[in-house]
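Per chain, numbering begins at 1; letters A, B, ... match sequence-line order. As the structure is a computational prediction, the values presented were derived from the model and not from experiment. All values below come from the heavy atoms of this structure, side chains included, with hydrogens, waters and symmetry mates left out.
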Number of protein chains: 2
Amino acid sequence: MARDVEQAGRKQAHLKRETVVQAALNLLNDVGLEGLTMRRLADHLGVQVAALYWHFKNKQELLNAMADAMIADWGRDLPDDEDWAHRLQAGVQDLRRCLLAYRDGARVLADTYVAEENTLRCAEILCEILVQSGCPPASIFNAGWTMLYYVIGLTIEEQAFHTSVDSAYQRILAAALPSPQYPMLSMFQPYLENYDFDARFNYGLNLIIEGLRQESNKSMKEDGSAEQ
Amino acid sequence: MARDVEQAGRKQAHLKRETVVQAALNLLNDVGLEGLTMRRLADHLGVQVAALYWHFKNKQELLNAMADAMIADWGRDLPDDEDWAHRLQAGVQDLRRCLLAYRDGARVLADTYVAEENTLRCAEILCEILVQSGCPPASIFNAGWTMLYYVIGLTIEEQAFHTSVDSAYQRILAAALPSPQYPMLSMFQPYLENYDFDARFNYGLNLIIEGLRQESNKSMKEDGSAEQ
DNA sequence: ACCTGAACACCGTTCAAGT
DNA sequence: ACCTGAACACCGTTCAAGT
């Protein structure tokens, strides 16, 4: 147990915000968001619950810090490419990687409204990439939000799916189909039961990027004709 | 108070699943997902907490039923259009309407894996629409999921934004910008502070649909050449 | 069949008091 | 400055017992 080592012979653990956040993320992987309680976290740190409230105003503030820490290593290996669409794709894929690195990571990010270091850096770089599409600023921001919402939405479901113990979804689905009431769902049932989230994610991401590329092409053409 | 009326002179309230679910949805609008507790719900129904556990195995099962009930009136006014893209757009917009009808509605749906009546009907109709795009079945399902994830992701953030009391996001954002560390965010700050979620939603939805339309056109062309 | 009463094992948060 | 001890006002869930 970490706690034995931590407080051996000491009266105060001398917590740092950073170590608390890291311990919380580790605990998250063990017990999930539902099991992540202030008491359990304090236990793991060899400290009383109330001690956490000296470092964090409340649980939400801790969750905010966790969300920002989760994307600390975002964008390490972005390709140094000339094609903005390719860089964008890699960036959004890497965001999903960050969320998948921790159990319920997507829900932590979704339940959170952070504007701290890593989040801002991530937003800055995504803007940089999107600017190169040549689309107007309003579109750049809307497109950025679209990517973010899509990643969060998909990854929440993906992580909920993986941790659902009894997989009630599959049980009920199997009971309901095939049925004459749902001809489409019955006809395509094998596709409904395809749970390859990587493929699912990449398909949708590509859809969004292709939509954006179209607008980009239009914008470029208008710029070109304006210059002539 | 409803509870006074409900149990006046009676020993048993004779709850139905449906009335519990509806009371839960009403309570959700009053107190939000965080404030929605079994005890409070029991109170509103003029009943002891334990009574709820005769009708629902646990809180999650209640939430599942709430999620399905939330989209009970989905698709009422779908246009009887010949253009699949237009119907698709209307359908996804209507899904957002359903989620926005209840406080934290999107989070309720996201925390849930439902395959019950309304959900299946909704999926069936969306498939019907998507089939008319002429895309292959795998694409149809992936595209359907993409829409769903996008709506959920966006609406979670939208509803979190509206109910965030202190709006920490805007506070921290204002403190961080403008800054030479974030040239893009600083340059486009007005766009960052645009919180028109309707416009944001419709832009991204259109992006996805345009991407899908491209694949549809390709599929149609291949079909045409195959017939010749 | 449907609900009550009472308990169990937890929560987040606060705050005086210690060092 | 940083943490302990103890309390407050809650949770979800279970289960014997009532009707």
Side-chain angles (χ1 to χ4, degrees), chain A residues 2-21 23-24 27-28 30-66 104 107-108 111-112 164-166 168, chain B residues 2-21 23-24 27-28 30-66 104 107-108 111-112 164-166 168:
Chain A
R3 79 197 83 160
D4 306 45
V5 182
E6 287 286 347
Q7 66 172 4
R10 277 183 246 153
K11 292 202 175 139
Q12 295 208 349
H14 251 307
L15 296 175
K16 286 189 208 166
R17 258 181 90 97
E18 194 203 328
T19 66
V20 176
V21 170
L27 185 57
L28 183 65
D30 283 351
V31 298
L33 185 55
E34 218 176 60
L36 181 73
T37 70
M38 299 299 268
R39 287 167 200 269
R40 249 204 274 258
L41 178 57
D43 242 42
H44 272 253
L45 289 162
V47 108
Q48 298 294 317
V49 212
L52 296 175
Y53 287 85
W54 199 92
H55 297 274
F56 298 90
K57 193 179 90 200
N58 50 33
K59 191 179 181 181
Q60 186 58 56
E61 202 178 282
L62 172 63
L63 286 167
N64 289 347
M66 289 169 66
D104 295 329
R107 269 173 70 193
V108 171
D111 287 354
T112 256
S164 89
V165 185
D166 58 350
Chain B
R3 80 198 81 161
D4 305 44
V5 182
E6 288 285 345
Q7 66 171 3
R10 279 183 245 154
K11 290 205 178 138
Q12 294 206 349
H14 252 307
L15 295 176
K16 287 188 206 166
R17 258 182 89 96
E18 193 203 327
T19 65
V20 176
V21 170
L27 184 56
L28 183 65
D30 282 352
V31 298
L33 186 54
E34 219 176 58
L36 181 74
T37 70
M38 299 299 269
R39 289 166 199 269
R40 248 202 277 257
L41 178 57
D43 243 42
H44 272 252
L45 289 162
V47 108
Q48 297 294 315
V49 210
L52 297 176
Y53 287 84
W54 200 92
H55 298 272
F56 299 89
K57 193 180 89 199
N58 50 33
K59 191 178 180 181
Q60 186 58 56
E61 203 178 282
L62 172 62
L63 286 168
N64 289 347
M66 289 169 68
D104 294 329
R107 270 173 68 193
V108 170
D111 287 353
T112 257
S164 88
V165 185
D166 58 349

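When rounded to the nearest whole Å, the span between CG of Leu52(B) and P of dT14(D) equals 13 Å. Glu61(A) places its CD atom 14 Å from the C1' atom of dG12(C), with the value rounded to the nearest Å. Between the CG atom of Leu41(A) and the P atom of dC3(D) there is a distance of 13 Å, rounded to whole Å. To the nearest angstrom, C1' of dA1(D) lies 8 Å from NE2 of His14(A). Spacing between atom CG of Leu15(A) and atom P of dT4(D) amounts to 8 Å, rounded to whole angstrom units. Spacing between atom CE of Met38(B) and atom P of dA6(C) amounts to 20 Å, rounded to whole angstrom units. Across the protein-nucleic acid pair, Tyr53(A) atom OH and dT4(D) atom C1' stand 15 Å apart, rounded to whole Å. Taking atom CG of residue Leu62(A) and atom P of nucleotide dC11(C), one finds them 15 Å apart after rounding to whole Å.
Using a 4.5 Å cut-off on side-chain heavy atoms (C-beta onward), Leu36(B) and Val108(B) make no contact. Contact of the Val21(A) side chain with the Lys16(A) side chain is not registered, since no non-hydrogen atoms from C-beta on lie closer than 4.5 Å.
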Worked verdict on Leu63(B) versus Asp111(B) for side-chain contact (heavy atoms from CB on, under 4.5 Å): CA-CA 8 Å; Leu63(B) 286 168; Asp111(B) 287 353; 5.8 Å; no
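Between Arg107(B) and Glu34(B) there is no salt bridge, since none of the side-chain N atoms of the basic residue sits less than 4.0 Å from a carboxylate O of the acidic one.
In terms of modelled atom types and a separation under 3.5 Å, the side chain of Arg39(B) and the main chain of Val49(B) share no donor-acceptor contact.
With DNA chain D read from its 5' end, the first of the two nearest nucleotides for Ala50(A) and Trp54(A) is the one closest to Trp54(A).
For the atom pair CG of Leu52(A) and CG of Asn58(A), the computed distance is 12.0 Å after rounding to the nearest 0.5 Å. In this structure, the separation between CG on Leu33(A) and CE on Met66(A) is 7.5 Å, given to the nearest 0.5 Å. Of the inter-residue distances, the one linking Glu61(A) atom CD with Thr112(A) atom OG1 reads 11.0 Å to the nearest 0.5 angstrom.
With a cut-off of 3.5 Å on both pairing distances, the Watson-Crick and G-U wobble pairs of DNA chain C assemble into stems of 3 or more at C:4-8 with D:12-16, C:12-16 with D:4-8.
Residue His55(B) has a polar side-chain atom (N or O) positioned under 4.0 Å from OP1 or OP2 of dC3(C). Residue Gln48(A) has a polar side-chain atom (N or O) positioned under 4.0 Å from OP1 or OP2 of dG5(D).
The number of heavy-atom neighbours closer than 6.0 Å to CD of Glu18(B), taken from other residues, nucleotides and ligands shown, is 12 or below.
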Name the pairs: protein N/O against N/O of nucleotides 7-10 of chain D, kept only if under 3.5 Å.
none

